[in-house]
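Residues take their numbers from the sequence shown, with the count starting at 1. Numbering of ligands and ligand atoms starts at 1, following listing order.
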Amino acid sequence: MIYEINETHDPNLKSWVESANDPNTDFPIQNLPFCTYKNRFGANHNEMGVRIGDQVIEFEVLVSGELLSKAEVHPIYIEDISTNSATQTKLRSILSQALREDPDPQSKTEITTSLVPASECEFVQPFSQIRDYTDFYCSIYHATNVGSMFRPDNPLMPNYKFVPIGYHGRASSIVISGTDIKRPKGQNRSDAETPPVFIPCKSLDYEMEVGFFVGQGNDLGSSIPIGEAEKHIFGLCLVNDWSARDIQAWEYQPLGPFLAKNFATTISPFVVTMEALAPFRTKAFEREPGDPAPLGYLADETNEKFGGIDINLEVFIQTQKMRDENIEPYMLSRSNMKDLYWTIGQMLTHHASGGCNLQTGDLIATGTISGKEKSERGSMLELSWRGTEPIDLPSGETRRFLEDGDEIIMKGYCERESFRRIGFGECRGRILAAD
Ligand code: MN
């Protein structure tokens, strides 16, 4: 059961991998997220791992041993386990037991042999191929903020409370945290009196989002009932949907974003599973009285009770000047995923509702996650109110949008009384000058 708390969530569990017991680690024994990284010896394949503290368990080493035979699975790649939640649960239980203080000696030996320091791993995308990427627009606060810049009297479109709005993104330009982002060039028409010019983007922005990976897909022509939706979700990561606002403003009508969004999307390397997130489930967004109820195919009692996820999201910036002067990254915003108007279950069900086949490894992102407060705005467009209210940085600099050399660092973590804090690691990227 997806929402069920079991012994792997016990907050008192400690690991013999000492770094996993650090109260500040994102990766205690209660988390155990999956990741993929390059083979360290130059072999022509990638390795699947599970992160624990500052170490990674290498599955290729583990797969021939006793420990995994118990689970009757021999996963080498994330594709091998992402489609089967029963196997994931078995695997999580076995790893949790083998990693605890006072494990049986044989298990400890097997795991010890498989450990690789995370600092030696070059992480890549978790799935060998993200075949499709979809981005939603599910924060009503973000949608209202952006809408009111362009349509002050009528910020929210009439469809918003009925249909989870999204667009099909570009999978080929998804990059892993730490990859530099080259400022895109594109058409800019800031002066309505003159024709557009093709220049480096002037209003480069980030978007704080969460993404989820599809595990088991659905057949073309079939759909996924809302009550089944989360069984198709393997786990979550952080997403930065880099956005060129000036390009977007000129190109987006009538078909939506195109080149403004397809030059790069950064993801964090660790897939936090739905089971690890069980203690942090919360009710879906509470709609205002007078708001329409979701249409039948998007309505479900369990989804309403547990469909939300309480994930704290933080965005930091560090400019070149800040790095030169040893000034720590500065926090731009803090928001929470539980404030989304639509749940990930509703996003997935809606996506497949017309018969679109979702496939293993598809990435579906939530859209910018903003909250009610000013400090909860998940993009620079909103923080600087389209550039009209520049942001002051501790270096004495100001920002309306991102400059070359700026680095954006996103973090996510779950915290709840009586449970161990777990985190997502980082999603970072630095802006390079355009060609
Ligand atoms: Mn987005």
Side-chain angles (χ1 to χ4, degrees), residues 130 132-150 155-157 159-160 163-175 177 179 181 183-184 186 201 203-213 236-253 255-268 309 311 313-315 332-333 335-337 339-344 346-348 350-351 362-371 376-384 386 401-402 408-410 412 424 427-429 431:
I130 297 175
D132 272 302
Y133 162 51
T134 296
D135 195 20
F136 276 93
Y137 193 57
C138 285
S139 162
I140 194 167
Y141 301 111
H142 173 70
T144 305
N145 283 339
V146 174
S148 59
M149 290 172 204
F150 298 92
L156 215 54
M157 299 298 268
N159 57 7
Y160 194 83
V163 54
I165 302 294
Y167 67 95
H168 285 112
R170 183 79 192 167
S172 67
S173 52
I174 294 174
V175 297
S177 176
T179 308
I181 305 298
R183 179 180 298 272
C201 166
S203 319
L204 188 54
D205 199 359
Y206 62 85
E207 294 189 333
M208 173 78 245
E209 307 194 11
V210 170
F212 59 93
F213 286 101
L236 273 57
C237 67
L238 304 176
V239 175
N240 181 349
D241 178 26
W242 301 99
S243 298
R245 301 299 183 194
D246 44 355
I247 298 172
Q248 189 177 354
W250 172 234
E251 76 173 5
Y252 87 104
Q253 283 175 321
L255 287 187
F258 186 37
L259 305 190
K261 301 272 193 177
N262 73 4
F263 57 94
T265 307
T266 304
I267 60 172
S268 59
I309 316 181
I311 306 176
L313 302 165
E314 296 176 345
V315 184
L332 290 168
S333 70
S335 55
N336 194 301
M337 184 169 173
D339 290 333
L340 288 176
Y341 196 78
W342 299 99
T343 65
I344 54 172
Q346 288 170 322
M347 290 177 221
L348 182 116
H350 178 67
H351 201 317
D362 282 357
L363 178 68
I364 301 180
T366 57
T368 309
I369 301 180
S370 296
E376 297 175 307
R377 294 174 177 171
S379 68
M380 211 167 243
L381 174 73
E382 294 164 88
L383 283 172
S384 76
R386 223 178 161 184
F401 289 100
L402 297 173
I408 290 294
I409 305 139
M410 299 177 167
F424 282 76
C427 180
R428 60 165 76 216
I431 306 301

S.K.: What count do you get for protein N/O/S atoms less than 2.8 Å from the Mn ion (ligand 1)?
M.R.: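 Of the protein's nitrogen, oxygen and sulfur atoms, 4 lie under 2.8 Å from the Mn ion (ligand 1).
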S.K.: Who pairs with F213 by ring pair (Phe, Tyr, Trp, His ring centres under 6.0 Å), at least two apart in sequence or on another chain?
M.R.: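 Scan of F213 (ring pair (Phe, Tyr, Trp, His ring centres under 6.0 Å), adjacent residues dropped) gives F127.
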S.K.: Could you go through the side-chain hydrogen bond (donor to acceptor under 3.5 Å, both in side chains) check for S370 and E382 one step at a time?
M.R.: CA-CA 9 Å; S370 296; E382 294 164 88; 2.9 Å; yes
S.K.: Quick one: ring pair (Phe, Tyr, Trp, His ring centres under 6.0 Å) partners of Y160, sequence neighbours excluded?
M.R.: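 Only Y341 meet the ring pair (Phe, Tyr, Trp, His ring centres under 6.0 Å) criterion with Y160.
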S.K.: Run the salt bridge (Lys or Arg N to Asp or Glu O under 4.0 Å) test against R245 and tell me which residues pass, sequence neighbours left out.
M.R.: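 Partners of R245 by the salt bridge (Lys or Arg N to Asp or Glu O under 4.0 Å) criterion, ordered by chain and then number, come out as D205, E207.
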S.K.: Checking the side chain of R183 only, and the main-chain atoms of I431 only, is there a donor and an acceptor separated by less than 3.5 Å?
M.R.: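 No; judged by distance alone, with no hydrogens or angles, the pair does not exist.
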S.K.: With a 3.5 Å distance limit and no angle check, can you tell me whether S335 reaches the backbone of I369 through a side-chain donor-acceptor pair?
M.R.: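 Yes.
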